[in-house]
Enquirer: 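Below you will find the structure I want to go over with you.
In each ligand, atom 1 is the first atom listed, and ligand 1 is the first ligand listed.
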Amino acid sequence: MKDTLPHWYLIGTGNIGVLSAHYLQQAGHSVTALRPGDHAILQRELVFGEQSCRLTLPVMDANRLVRPLDALLVACKTPFTRDALLPLQPWLHQDTLVVRLQNGMGALDGLLPDGCTLIETVTTSAVKGRPPRHQVVAENDTWWGGLPQPPDWFPALQQHWPDLHWQADLRHRQWQKLVVNAVINPLTALHDVDNGVLVNDTALLAQAGALCREADALLSRLDPHWPGDSLPNVLAVARTTAGNTSSMRADRQRGNRTEIDAINGYLLRLAEPLGMDLPHHRQLVRTLS
Ligand code: PAF
C-alpha cells in the first residue's frame with residue numbers, strides 16, 4: 001500500500017499547511033516542504049488542546065528540484081502563489097496531483113499544465129499562532145473534491161484526518177466560504193475589529209448586507225440553484241468566531257499583502273463577463289489591494 005502513496009511537496013508552511021502535512025504523515029504519506037534557502041529540516045509544534053506533537057519535515061529549495069513532482073500541496077497565502085509556482089514549472093506535468101488549501105478561489109488559474117489533476121478543498125478548521133508553534137483551535141470539517149472520484153488512498157487518509165470528507169461537486173461550498181471571506185475579512189481588516197463586531201455594529205451590518213446582496217445576485221446568475229440569502233450564514237460565522245482576528249485583519253496588522261484579490265477580486269472577475277458591477281466589492285478591492 002505504502003508504495004502507491006504519492007510523495008508530497010508542500011508550498012506554504014503556515015497554519016493550514018503544517019496541519020495538513022501532519023495528517024498526511026500520520027496516514028503514512030511522505031511530505032517535503034519547499035522553501036528557499038539551505039534549511040535541511042523544518043520543525044514545528046502542533047498543539048491540540050492539552051496534547052502537543054512535533055512535526056518534522058525535510059526541506060528543499062524549489063530551485064534544486066531535479067525530477068517531476070508526483071503531488072503538490074499548495075497552502076501558501078494567495079498573493080505568493082505565482083512566485084512560488086514559477087520554479088516548479090519544469091517539474092509539473094499532467095500526472096501531477098495538486099491539492100489547493102487556500103482561502104479564496106482562482107489563485108492557481110493559468111499556473112498548472114493542461115490536464116493536471118486539481119483537487120480543491122474547503123476547511124472550517126482553525127489554527128492559530130505563528131511558527132514554530134501552531135495551536136489547533138478547532139478540528140472541524142474539511143472537504144476535498146472538485147473531481148468525480150477521490151484518489152484510492154483517500155479512505156485511508158480519512159482515518160487520520162478528522163472529519164475529512166469527499167464531495168465531487170464542491171462549488172456551492174466553495175462559494176459559501178468565498179462569500180463569508182468576502183464580507184468578514186475585508187470589513188474586519190478595514191475597521192480593525194474582531195469578527196463579532198460585524199453582528200452588532202449597525203454601519204458594518206449594513207455593509208455586510210450590501211456585500212451579500214451583490215455576491216448573491218452574481219452567484220444566482222451563474223447558477224440558478226444557488227440558494228442566495230448569504231447574510232444569515234455570514235453572520236452565523238461572525239458569531240461563532242466573534243473573538244477572532246480574521247486572517248485579512250492579521251495580514252494588514254503585520255503589514256503583509258492581503259488575499260483580497262483571490263476573494264473579492266475573484267468575484268469581480270466572475271462578474272465582468274456577465275456585465276455585472278459589484279460596487280461594494282470593487283471599493284474594498286481598491287482600498288485593500
Ligand atoms: O479567513 C478567516 O479569518 C476565516 O476564514 C474566517 C471564517 C473569516 C474567520 O476568521
Side-chain angles (χ1 to χ4, degrees), residues 12-20 74-81 100-107 120-131 134-144 163-165 170-201 204-205 207-212 214-216 219 230-267 280-281 284-285 287-289:
T13 49
N15 287 323
I16 292 297
V18 295
L19 180 63
S20 307
V74 181
C76 59
K77 289 273 187 175
T78 54
F80 306 108
T81 314
R100 197 180 73 85
L101 300 147
Q102 294 178 304
N103 269 339
M105 291 177 72
E120 292 278 356
T121 69
V122 173
T123 187
T124 56
S125 287
V127 189
K128 276 190 183 168
R130 300 187 73 173
H134 303 265
Q135 195 183 345
V136 185
V137 252
E139 279 183 296
N140 292 332
D141 296 288
T142 298
W143 292 267
W144 286 26
D163 297 310
L164 176 65
H165 316 281
L170 255 197
R171 209 161 57 136
H172 278 195
R173 224 175 262 291
Q174 286 181 288
W175 284 357
Q176 212 172 33
K177 174 120 197 246
L178 186 70
V179 178
V180 165
N181 287 136
V183 178
I184 297 182
N185 295 23
L187 292 181
T188 56
L190 201 56
H191 299 278
D192 198 17
V193 292
D194 288 349
N195 294 355
V197 174
L198 221 73
V199 183
N200 302 314
D201 182 287
L204 288 188
L205 200 52
Q207 287 187 53
L211 288 162
C212 285
E214 288 181 4
D216 283 334
L219 300 174
S230 291
L231 186 62
N233 181 45
V234 168
L235 296 182
V237 176
R239 257 183 227 110
T240 48
T241 60
N244 289 12
T245 287
S246 76
S247 52
M248 196 175 287
R249 179 185 179 207
D251 284 337
R252 206 158 184 245
Q253 286 174 339
R254 292 175 191 147
N256 293 342
R257 281 172 67 192
T258 72
E259 299 193 290
I260 194 85
D261 184 64
I263 301 175
N264 305 71
Y266 182 78
L267 288 171
H280 289 85
H281 290 274
L284 290 174
V285 171
T287 314
L288 289 162
S289 288

Enquirer: By side-chain hydrogen bond (donor to acceptor under 3.5 Å, both in side chains), which residues pair with T124, not counting sequence neighbours?
Expert: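 None.
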Enquirer: Could you state the interatomic distance from NZ (K77) to OG1 (T258), rounded to the nearest 0.5 Å?
Expert: 9.0 Å
Enquirer: Is the shortest N/O to N/O distance between N181 and ligand 1 below 3.5 Å?
Expert: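 So ligand 1 has an N or O lying under 3.5 Å from an N or O of N181.
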Enquirer: Consider side chain to side chain contact (heavy atoms under 4.5 Å, CB included). Of L235, T241, V237, which one does R239 pass it with?
Expert: L235
Enquirer: Should the pair R249-D194 be classified as a salt bridge under the 4.0 Å nitrogen-to-oxygen rule?
Expert: yes
Enquirer: Kindly identify the option in V183, N185, T124 whose heavy atom sits closest to atom 8 (C) of ligand 1.
Expert: N185
Enquirer: Can you find an N/O atom of N195 closer than 3.5 Å to an N/O atom of ligand 1?
Expert: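 Among all N and O atoms of N195, at least one is under 3.5 Å from an N or O of ligand 1.
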Enquirer: Checking the N or O distance criterion of under 3.5 Å, is ligand 1 in contact with S247?
Expert: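 Min N/O separation from ligand 1 is below 3.5 Å for S247.
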Enquirer: State the atoms of ligand 1, each with its element, that fall below the 4.0 Å cut-off from a heavy-atom position in S246.
Expert: 3 (O), 10 (O)
Enquirer: Looking only at side chains, do S125 and N140 share a donor and an acceptor under 3.5 Å apart?
Expert: no
Enquirer: Nearest 0.5 Å, please: how far is CZ in R254 from CG in D251?
Expert: 6.5 Å
Enquirer: Considering only heavy atoms of N103, which atoms of ligand 1 have at least one such atom less than 4.0 Å away?
Expert: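 In order of number, 1 (O).
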Enquirer: Using a strict 4.0 Å cut-off to heavy atoms of V237, name the atoms of ligand 1 that fall inside it.
Expert: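 Within the 4.0 Å cut-off of V237, ligand 1 contributes 7 (C).
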